[in-house]
Every structure is written in C-alpha cells, then in structure tokens.
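Taking it in order: structure first as structure tokens, then the write-up.
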Amino acid sequence: MLVWFVCVSWAIRVTSHLDRGTDATLVIACVTLVALLQLPISLPGRRRLPRWALLATQAVCNYLPLLITPQAWWTGASAFVAGSVLLVVRGPLAWPLFTLIAALEGVVGVLLGREPVDIYHMTVAPITLGLMLYGLSNLADLLGRVRQERGELAARVEEVERLRLWRHTRDLLLTALSAIETLAERARRHNGPDDGQAARGLVAQALAIARQTLDQVRSLPATHAPAPAPLPAHDWPIVRLATPMLVVVHLIFMGQAVLNATAGTVDGLGGNRAGLFLLPVTFGLQLWHLVAVRSGGRTRGWAWTLALQAVATYLPVALGGESGLIVSGFLGGLVLLYVAAPVSWALCAAITGGSVVSGVLGWDPVTAVYFGCSTLSMALAVYGLTRLTALVAELGRTRAQLVEMAALQERLKVGRDVHDLLGRGLTAITLHGELVLRLLGTDPPRATEQLALLAEAARASGAEVTRLSGPQAQLSLAGELASAREALESAGARVRVAADPVPAEVDALLAVVLREAITNVLRHSTPAECLIEVAAEGGRVRLRVVNDGVPDDPQAAGPRGDGPQRGGSGLHNLRVRLDAAAGALVATRTPGRFELRAEVPADHEILIP
C-alpha cells in the first residue's frame, strides 16, 4: 500500500506539470527522482541505509528546478521531502523543518503570482502528503516491529515472571518451614504426661501449616495478577500523532473543497453551492465512521450511512461542481475500511474511475488523471492512517494479552518445578506430623523422636529452599539417592539401591524424576520395602523405583493407573520433562505394588527449555 501511495502521489505531481510546456521537463524528471528516493526512506529497514544522504539528495533534486525554471514550478516534490524530514530528522528540529517546507511553498506561490486557490494548494500539499507518508511509513514500520517484539517481549516477561514467582515461593516456604520448626520444637518440650494435649495442639497447628503451604505451592499459577505491558518508548510519538494527523488531513482537504467551491465557474455555481452546504454533512459522516473504526468496530447501519455519504459527495458533482471530487477519496477510504476485500477494492476502483470520468467530461484527460490519482491517494491515506490509529490501540491490547499468556505459561513451569523440587520436603513434614499425632498418648518416647525428625525435616527443607532459590537450580542424582534412602528409612522402609554411573547430561533430569517418585511413595503408600535401580545400557539410561504397601482400594487409583488421584500432577510433570528429552515414563500399579520406570537417551537433547 505504501508503494502504491508513493506511485500515485508521483502521478499527481507529474500531471500537475504536463500542460506547462517544455519548461516542465526538468521538474518532471526531478519529481521522478525524488519519488524513487522516497521508497528506501519510507519502507521498513530504512535505518540500515544512509538516511541523511538520501534526504539531502531528495532536497537537491526537489529545489533544483526552482532555481533553473521557476515559472514551471508547481508544488514540485516538496511534499515528499516534507514526509522524509519527519521520518529522518529526530528530535525537536523535525517539525519546524516540516513547517518551513510548507511555508516556503506558499512564499514561492506568492512570488510567482499564483491565484489564492493555487497558493493554498501549494502550501497545504506538503502538509497533507507529508503527514500521509509519515503515517503510512510508520504503519509499515510498526507492523514489522510488532513481529519482532512478540518474541522479545515474551522472553522478558517469562524471565521476570519466573524470578518473581521463585522469590514469592522462597518467601512463602521459608516462612512456613520456620513456623513448623518452631512448633515442632515447642511440641517436643511439651510432650509429657501433663502437657500431652498442648503438644497435640502444636503438632496439629504445624501440620495445618504444612498442608496449607503444600496447597499454595500446587496452586501457584493462580497467585499473581498479569504483569503490565507498557508500550516501548519509540511507539509514543506515533501514538500521540496518529489521530491528529488524520484529522488535519481531513480539514485541509475540506478547506481545499471550500476554496474550489467559492472560486468555481458560473456553469458549476449550483453544484458548488450545494457542495458548500453538504460539506459539513460529508465531514460529519466521515468522522462518525472513522471513530467507530478507531474503537475497533463499525457503526450501526453502516451501509445506509455510507450510502448517505455517497449522496452528499456526488450530488454537487451531478450539479456541475467539483467539490465532490475533492472529497470522494474520503468515501473510497471508508469503503476500504468497512467493506470486505475484494469487493472493497472493486468499489474503490469504481470511485476512482468516477473521478476520472468526471474529469474527462468536464475538463481534459490530464485533469481527469489528476482527479483520479488524488481520489485514490486520499482513499489509501484514509485507510492507512485509520488502520495506524487502530493498530496502535490493538498493539497495546495484544501486548497485554501476550504478557498475560507468557506469564501464565511461566507460572505453570514454575509451579511444575516447585512441585518436583520442593514438594517432597512438605510431604515428609506432613507424614511426620500425622505419625506424631497417632503416637502422642500411646508412645511418648517415639513421638518425641518423630518430633525431632519433624523439626529436622523442616530445617532441611528450608536449607533446600535457599539452595534452590533460582530458576536455574538443579539437583544431583547422587544427592537424591542418599536423600531418598534417608527419607524412606525414616518412614520405616527397607531400601535397596543399585546405581550405575550416568552421563552428566541426564543426571539432573533423573534426579528430578527420583525425587518425585519418592514423594509419591511417601504420600500414597506405607512401604515396607523399596527398590531403586539406575542402569545405563544400550545408549539409554533407565531409572526404576518399586515399592510395596500400596492400598488395594481401586477408587484410590487414577484412571491411568498412575496412583491416587489426589495431587496427581507429579507424574504428568515428569512426562512433560521426559518428552522434552525424547524419553518415556511408565507407571504400573498392581495389587499392593507400584513401579515407576523412566528411560531417557544417554546423549539426549532438551527439545523444550
């Protein structure tokens, strides 16, 4: 669309000089060169080109005919230079230079003795075309930046959200574990014949904190509101100027129509008067339609209001005036915005063709081409500038949605990591607390021993939270094997471990799998014996965890035999991790027995970060 607009604008400039004799040859050649230079300045990627050199060359080509053949000058290509100034010059100097170019055109018109209507046209042409080029170039550039920023914004959001959630989780767990440790120590001191009830209350309180914290950890993805998505700084100038530019362009073209109507010929006096009366209607309907598009919708009964605007546009033309031709591009732009393609482009072509036909019937072929190109350029400008304003608003909404989606995705990842890495400590604390409640009053010495284990589990979990307080934290398989043996033996189970050395590439992954497997053993069974086996053969590494003491209640099993339904997200998390490493996870439940087997290639590649 930008290329089409530049080409049509070039045609308007050229047709303005075709009937001015051989003196206009130099002007036409320079206008052509200026239009060709406009493309690398306006199209996306222009920042890689020598912009100042292109702008300087444009200015020289533009004003050279004014020095050599001033009488042939007729707006020249200053409008291209004005648009390039807004695109190339940065800072407060851009708009004064832009205004200076327009003022210079008006001064030239006065010095050359042009008519007032022509002086107005020479003055506003750089403004209208310059603003249109600036807006359409930013539209093309903004579309490219949208694609580029999607990935960058998502990456930044994920990083910030992960760090924030890890910090939140760390604070949550450390506060809860510190409270549990304090309550366990107090319960140990009160565990006697006279204070058994007090100890029971303290343990129950610690157990409630552990369960609540475990539930909070599992519901981590829903604990934060979406992060804000501010627009980058380089978007703000076009955000502020998009709508004012659209309004200014409309006002200037309305002014041109008013001047043409008041300076019209006697033959077209009736049509010009009708055009003056109908211009407010045309302008009002135009803004009514554009405001609806800017808000992301269309007006009610838009087909009828567009038809009414068409009547207000072409009735003066039918009566012999030319003001309707000036504003017919407004109607073409609305057709492009409201009607679905390809019908919209066919209707826009018909509107442009109508201007050409009216020009041929009323004037000459050159003027007809001029009116046709003016109509088409205005239609493209209305469409592009309106889409620019709508795109800016849509971009803000898209960024907010993208931030929310990226944050939610990262919360799910963090929730999975917290469940896999830190869930076992809370599970062990819960088991110790439940055992203490059963032993209080029946076996005080053993209850005291379990209270010591409860406090130690809280301290160990706190230390682990501190160690794993970042998104890049990793476990080691050797450490998890030792920790698994200790946790199972403290629960009264016999443990057999057979482990081969494994490559470093799979060590951390299998450590996470083992941790979740032992968490499930402690939560969902009362094991008397547990086997942990790590074997490396045939280019694959296999981890098996087999335990007994599984309840026989079939209602306690998940639909896929993955173990009890309550809190059953652990195995799903492991499957996600192993799938990313081209591995596999198999869980088998038989009466009284549960086996978890994980396999992964020894030289695996993580496909999903």
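The residues of the chain are indexed from 1 along the displayed sequence.
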Do Leu36 and Trp10 make a side-chain contact, defined as non-hydrogen atoms from C-beta onward lying under 4.5 Å apart?
no
Tell me, please, which residues at least two apart from Trp345 pass side chain to side chain contact (heavy atoms under 4.5 Å, CB included).
Leu336, Ala341, Leu380
Out of Leu347, Val382, Leu306, which residue meets the side chain to side chain contact (heavy atoms under 4.5 Å, CB included) rule with Leu331?
Leu306
Gly372 versus Val356, closest heavy-atom pair with distance
CA-CG2, 3.7 Å
Quick one: does any side-chain atom of Arg90 pair with a main-chain N or O of Leu87 as donor and acceptor, under 3.5 Å?
yes
Go through the structure and list residues passing side chain to side chain donor-acceptor pair (under 3.5 Å) with Ser9, not counting sequence neighbours.
none
Decide yes or no for Val343 and Val335: does some side-chain heavy atom of the first lie under 4.5 Å from some side-chain heavy atom of the second?
no
Does Ile12 reach the side chain of Ser377, with side-chain heavy atoms less than 4.5 Å apart?
yes
Ser137 side chain to Tyr134 main-chain N or O, any donor-acceptor pair under 3.5 Å?
no
Could you list all the ring pair (Phe, Tyr, Trp, His ring centres under 6.0 Å) pairs where at least one residue sits in residues 83-119, not counting sequence neighbours?
Trp95-Phe98
Between Cys61 and Val34 the two heavy atoms that sit nearest each other are CB-CG2, 3.7 Å
Thr57: which residues meet the side chain to side chain donor-acceptor pair (under 3.5 Å) condition with it, sequence neighbours left out?
none
Could you list the residues that satisfy side chain to side chain donor-acceptor pair (under 3.5 Å) with Thr305, not counting sequence neighbours?
His289
Leu64: what forms a side chain to side chain contact (heavy atoms under 4.5 Å, CB included) with it, not counting sequence neighbours?
Ile68
Residues forming a side chain to side chain contact (heavy atoms under 4.5 Å, CB included) with Val124, sequence neighbours excluded:
Tyr120, Ile252, Gln256
Among all residues two or more places apart in sequence or in another chain, which pass the side chain to side chain donor-acceptor pair (under 3.5 Å) test with Trp302?
none
Per the side chain to side chain donor-acceptor pair (under 3.5 Å) rule, what does the pair list look like for residues 346-357, sequence neighbours excluded?
Ser328-Ser355, Ser355-Thr375
Closest non-hydrogen atom pair, Pro126 against Ala82
O-CB, 3.7 Å
Within a strict 4.5 Å, meaning less than it, do heavy atoms of the Trp304 and Leu308 side chains meet?
no
Do Ile351 and Tyr314 make a side-chain contact, defined as non-hydrogen atoms from C-beta onward lying under 4.5 Å apart?
yes
Only counting residues at least two apart or in another chain, list the ones meeting ring-ring contact (aromatic ring centres under 6.0 Å, His included) with Phe5.
none
Of all heavy-atom pairs linking Gly106 and Thr123, the shortest is CA-OG1, 3.2 Å
Using modelled atom types only, decide if a donor and an acceptor are shared between the side chain of Thr128 and the backbone of Ala125 within a distance under 3.5 Å.
yes
Closest approach of Leu509 and Ala581, non-hydrogen atoms and distance?
CD2-CB, 3.7 Å
Taking every non-hydrogen atom, the tightest pair across Ile101 and Ser78
CG2-O, 3.8 Å
Quick one: side chain to side chain contact (heavy atoms under 4.5 Å, CB included) partners of Val108, sequence neighbours excluded?
Leu66, Trp73, Leu104, Leu112, Met122
